[in-house]
Amino acid sequence: MELSLGLAKQVAVVLKDVGQVQLREFRRSQVVQAKGRNDLVSEVDKACETMLFERLSILGPKAAFFGEEYGFRHGASDWCWVVDPIDGTTNFLHGLDMFSISVGLCYKNEPKLGVVYRPYTGDLFLASEGQGAFMNEKLLPMLKPKSFSESLIAMGFPFKSEELYQPFFTASAEVLRGARDMRRCGSAALDLCFVAAGTFQGFWECDLSPYDIAGAIPLLKEVGAFTWDLQGENYVLGEGRFFIAGNPSLMEPFYSAVSPSYKSFFSTGQK
Ligand code: IPD
Ligand code: CA
Ligand code: CA
């Protein structure tokens, strides 16, 4: 079944409505729970996921639904909506405007259609397989060649996993040595959309979940970006702890800077 950009636009309408709810609550005091160390969830996350479930379930092919806060909601199907109601909850709760709503529509675990919306600025990213990627209705061009030395690299800290501090900081030192600079924005979905838009040239993080990246992967694919695992193979959603993405022209030096410290860490059998 071929998906259409029309469906992506219908999803975008839903995300804009959900974004209104988030903006109403932004910088107001929230009811918050900790799911684990440094892993927060607010009533807004939950309410928005329910809204997404109700509104997305009636769009597109008959699909299962998987969200960060409630897990699987219904149905076994080869199609699945993979949804993060707020990507960047820590930012949202601290009053920092870098947060997004991320929705990927996957077929057999492969994201085919993605929409990511940043409520505070109104930036909208969407893509459907084979039909291009768009930022604010403008077609994103294929990524142009860039050298690693002129790249701005985004990443996510291993803020939940102390055992990853050492490989992370070793990798960061190598990136700082080879690239222009690094950024940590706090929404992996937005980081990846910015890679697709050519703002960042690469991104890496460990221990991401499918809902962190499913919405952005179709955009990356449409502009020719690479998404790799620790072995430098194409990344399969939900498999492996290590994820790296970037402009194809600098992927080799970028991957060579980041991966060795993780390879030696994981080869010692530490999990
Ligand atoms: C988080 C954000 C953050 C990344 C974390 C994610 P959440 O998602 O994407 O940038 O570093 O790994 O868990 O918890 O805000 O939905
Ligand atoms: Ca997330
Ligand atoms: Ca989230």
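Remember, it's 1-based here, ligands and their atoms both numbered in the order they're listed. The chain is numbered in sequence order, starting from 1.
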Taking atom CD of Glu43 as the centre, does the number of heavy atoms from other residues, nucleotides or ligands within less than 6.0 Å exceed 12?
yes
So does Glu49 pair up with Arg55, basic N to acidic O under 4.0 Å?
no
Check Leu113 against Pro218 and note the closest heavy-atom contact, atom names and distance.
C-CG, 3.5 Å
Using a 4.0 Å cutoff against the non-hydrogen atoms of Ala188, which atoms of ligand 1 qualify?
2 (C), 9 (O), 10 (O)
Given that the side chain starts at C-beta and the backbone is N, CA, C, O, which of these parts of Leu208 lies under 4.0 Å from ligand 1, counting heavy atoms, or is it both or neither?
side chain
Taking only heavy atoms of Asp84, which atoms of ligand 1 are found under 4.0 Å from at least one of them?
16 (O)
Do Leu124 and Val116 have side chains that get closer than 4.5 Å, going by heavy atoms?
no
For atom 10 (O) of ligand 1, what's the nearest protein heavy-atom neighbour? Residue, atom name and distance, please.
Gly186 C, 2.9 Å
Hey, quick one: are Phe66 and Val18 part of the same hydrophobic cluster, counting side-chain heavy atoms closer than 4.5 Å, chains of contacts allowed?
no
Please state whether the separation between the Ca ion (ligand 3) and some N/O/S atom of Asp87 is under 3.0 Å?
no
Classify the contact between Arg184 and ligand 1 as side chain, backbone, both or neither, using a heavy-atom distance cut-off of under 4.0 Å.
side chain
Would the number of heavy atoms belonging to other residues, nucleotides or ligands and lying under 6.0 Å from CD of Glu137 be above 12?
no
Side-chain donor or acceptor of Glu222 paired with backbone N/O of Gly130 under 3.5 Å:
yes
Can you tell me which N/O/S atom of Asp84 has the shortest distance to the Ca ion (ligand 2)?
OD2
Does Tyr211 come within less than 4.0 angstrom of ligand 1, counting non-hydrogen atoms of the residue?
no
Nearest neighbour of atom 16 (O) of ligand 1 from the list Thr89, Asn38, Ile86, Leu190, on a heavy-atom basis:
Ile86
Between Asp181 and Arg183, is the closest basic N to carboxylate O distance under 4.0 Å?
yes
Measure from atom 12 (O) of ligand 1 to every heavy atom in Glu205, Lys160, Met98, Glu68 and give the option owning the shortest one.
Glu205
Can you tell me if NZ on Lys46 sees more than 12 non-hydrogen neighbours from other groups inside 6.0 Å?
yes
Only heavy atoms of Asp212, strictly under 4.0 Å: list the atoms of ligand 1 that pass.
6 (C), 8 (O), 13 (O)
Closer than 4.0 angstrom, basic N to acidic O: yes or no for Glu110 and Lys221?
yes
Suppose I only count heavy atoms of Ser187 and a 4.0 Å limit; which atoms of ligand 1 are within that range?
9 (O), 10 (O)
N/O of Asp87 under 3.5 Å from N/O of ligand 1, yes or no?
yes
Gly88, any N or O under 3.5 Å of ligand 1 N or O:
yes
Quick check: does Glu68 have an N/O/S atom under 3.0 Å of the Ca ion (ligand 3)?
yes
Would a 4.5 Å heavy-atom cut-off, applied to side chains only, mark Pro158 and Asp207 as touching?
no
For ligand 1, which is the ligand I care about here, please tell me if Phe159 has any N or O atom under 3.5 Å from one of the ligand's N or O atoms.
no
Would Val41 count as a contact for the Ca ion (ligand 3), in the sense that one of its N, O or S atoms lies under 3.0 Å from it?
no
Report yes if some N/O of Asp191 lies less than 3.5 Å from some N/O of ligand 1; otherwise report no.
no
Using modelled atom types only, decide if a donor and an acceptor are shared between the side chain of Ser42 and the backbone of Asp45 within a distance under 3.5 Å.
yes
Atom name in Asp212, limited to N/O/S, at shortest distance from the Ca ion (ligand 2):
OD1
